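Reviewing the structure listed below.
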Amino acid sequence: MKSLYIPAAILVLVFCLSLSSASYVEQHATLCTRSLVRADSLVRQNLWKKAETEIRQSYHHWQQSHDLFHAILEHQELDEAESLYAAVFAACDVQDEPDFHTALAQLQKALQHLPEKQQISLANIF
Amino acid sequence: MFLFISGGQQYALHGFLHAGQFPYSVYICRSFGKHYPTERGGTVTTAFFRTIILYLVLMVGLRLMGKRQIGELEPSELVLTLIISDLAAVPMQDYGIPLVNGLLPIVVLLCLSMILSFFNLKSIRFRALLCGRPTIIISHGKLQQQAMAKNRFTIDELLEQLRNQGFTDLSDIKYAVLETSGKLSILPYPEKTPVTPDALGMAVPDTLTLPILLINDGHLMTEHLRSAGRDEGWLEEILKERNLTSPAQVFLLSVDDAGHVICIPKEELT
């Protein structure tokens with residue numbers, strides 16, 4: 001029976017790890033996005049300094065999960081998110097509102113897309 | 001801020017901002033007309049399910065293709081060999097794909113294969129389902145045309161297999177069985193089989209022995225020496241008889257149950 005239990009246990013373990021990685025990505029992506037949403041509304045009130053603090057907070061969350069994200073997500077997607085963060089920071093610094101909103105919307109979409117790809121759904125599997 | 005075009009993409013180059021606070025002194029931002037999301041590749045959970053589905057689909061596909069497609073391996077082994085080599089190559093070549101995306105499907109496949117092997121051993125029905133059953137192609141010298149058609153086994157392939165095993169006349173064959181591995185086992189009529197001493201009623205002394213390798217390219221195999229019931233003293237004597245002083249000078253040395261020693265010294269390499 002050992003030859004059945006060991007591979008079955010490994011399969012269950014792999015499945016649990018994949019579920020927990022999906023949940024981890026979702027939690028951290030949500031944390032990052034939440035600050036960005038706040039930054040968006042602050043910029044609409046012309047509070048650029050506070051918005052920058054929120055973006056920095058979001059980027060801090062992003063960097064905290066950097067290593068694990070690189071281990072489980074495609075590097076191209078992470079690089080895209082990095083460059084979008086750069087764009088958001090740049091637009092925030094020069095207080096260019098149209099560019100800021102464009103870059104922020106793209107960044108939010110990119111971050112929301114990360115957990116979407118991790119979810120167990122027929123759309124993802126097939 | 002100014003724009004430039006590179007590789008068909010439009011970029012916006014921003015001057016440095018808050019150096020030290022943000023890890024970029026120059027921001028290169030791909031902007032305008034971006035396409036999100038990117039839909040390439042899979043992720044951990046998707047990879048898990050996709051691996052299981054594709055493995056099972058490939059197994060069924062290979063079983064439906066019939067025995068002659070398989071060759072030397074069982075269907076499950078063939079599927080495993082086919083997929084694993086391909087899976088390993090992807091993260092090896094594309095550094096943008098996380099290593100786990102290559103490793104996880106391999107682990108899942110190996111586990112699935114081990115689980116299938118377990119049920120294969122335990123259940124004859126499952127074995128028949130997974131690997132199929134041997135099919136008799138020639139029975140009592142008569143071609144089983146239905147069985148051949150069912151396995152899509154042509155007469156040309158049958159004749160080729162017979163020729164490969166040294167038979168040119170179909171009427172010499174009493175039984176031919178297409179095994180689950182796709183190989184054809186041929187059993188000729190007794191009068192067409194090669195004569196053996198046993199068939200002639202001759203007593204043959206059993207002189208067959210298995211040589212044990214004691215020195216392999218200058219390396220002494222101590223465990224083999226012990227299992228052959230010999231020791232270093234015996235080896236020293238054998239080497240001395242051949243004007244050799246150490247195992248390092250020997251390319252190959254073996255001994256069989258009858259005590260027959262084969263010793264090939266190393267050649268001087270230039």
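Here is how names work: the chains are called A, B, and so on, in the same order as the sequence lines, proteins then strands, and each is numbered from 1. Fair warning: this is a prediction, and the values are worked out from it, not measured in the lab.
Around CZ of B/Phe126, the count of heavy atoms belonging to other residues, nucleotides or ligands within 6.0 Å exceeds 12. Atom CD of A/Gln45 has more than 12 heavy atoms from other residues, nucleotides or ligands within 6.0 Å. Atom CG of A/Leu47 sits in a crowded spot, with more than 12 heavy atoms from other residues, nucleotides or ligands closer than 6.0 Å. The local environment of CZ in B/Arg226 is crowded, with over 12 non-hydrogen atoms from other residues, nucleotides or ligands closer than 6.0 Å.
For a residue to count as touching a neighbouring chain, one of its non-hydrogen atoms must lie under 4.5 Å from one of that chain's; by this rule B/Val107 touches chain A with the side chain only. Interface remark: A/Ser21 contributes side-chain atoms only to the contact with chain B (heavy atom separation under 4.5 Å). With a threshold of 4.5 angstrom between heavy atoms, A/Ala71 approaches chain B through N, CA, C or O but not through any side-chain atom.
The greatest number of non-hydrogen atom pairs below 4.5 Å with chain A, out of B/Leu99, B/Val100, B/Ile52, is found for B/Val100.
Note on residues 20-43 of chain A: pairs passing salt bridge (Lys or Arg N to Asp or Glu O under 4.0 Å), not counting sequence neighbours, are A/Arg38-A/Glu54, A/Asp40-A/Arg44. Listed by first then second residue, pairs satisfying ring-ring contact (aromatic ring centres under 6.0 Å, His included) with a partner in residues 33-54 of chain A read A/Trp48-A/Phe100, not counting sequence neighbours.
How far CG of B/Asn101 is from CD of A/Glu74: 7.0 Å, rounded to the nearest 0.5 Å. Rounding to the nearest 0.5 angstrom, the gap separating the CG atom in B/Leu112 from the CD1 atom in A/Ile10 is 11.5 Å. One distance of note links CD1 of A/Ile6 with CE of B/Met114; it measures 6.5 Å at 0.5 Å rounding. The CG atom of A/Leu4 lies 10.5 Å from the CG atom of B/Leu116; values are rounded to the nearest 0.5 Å.
By the 4.5 Å heavy-atom criterion applied to side chains, A/Ile72 and B/Pro98 are not counted as neighbours.
Between A/Phe15 and B/Phe49, the angle of the ring planes goes over 60°, which puts this pair in the perpendicular group of the 30/60° scheme.
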Margin query: Applying side chain to side chain contact (heavy atoms under 4.5 Å, CB included) to B/Ile115 and A/Leu11, what does each step give before you reach the verdict?
Written below: CA-CA 10 Å; B/Ile115 291 170; A/Leu11 269 188; 3.7 Å; yes

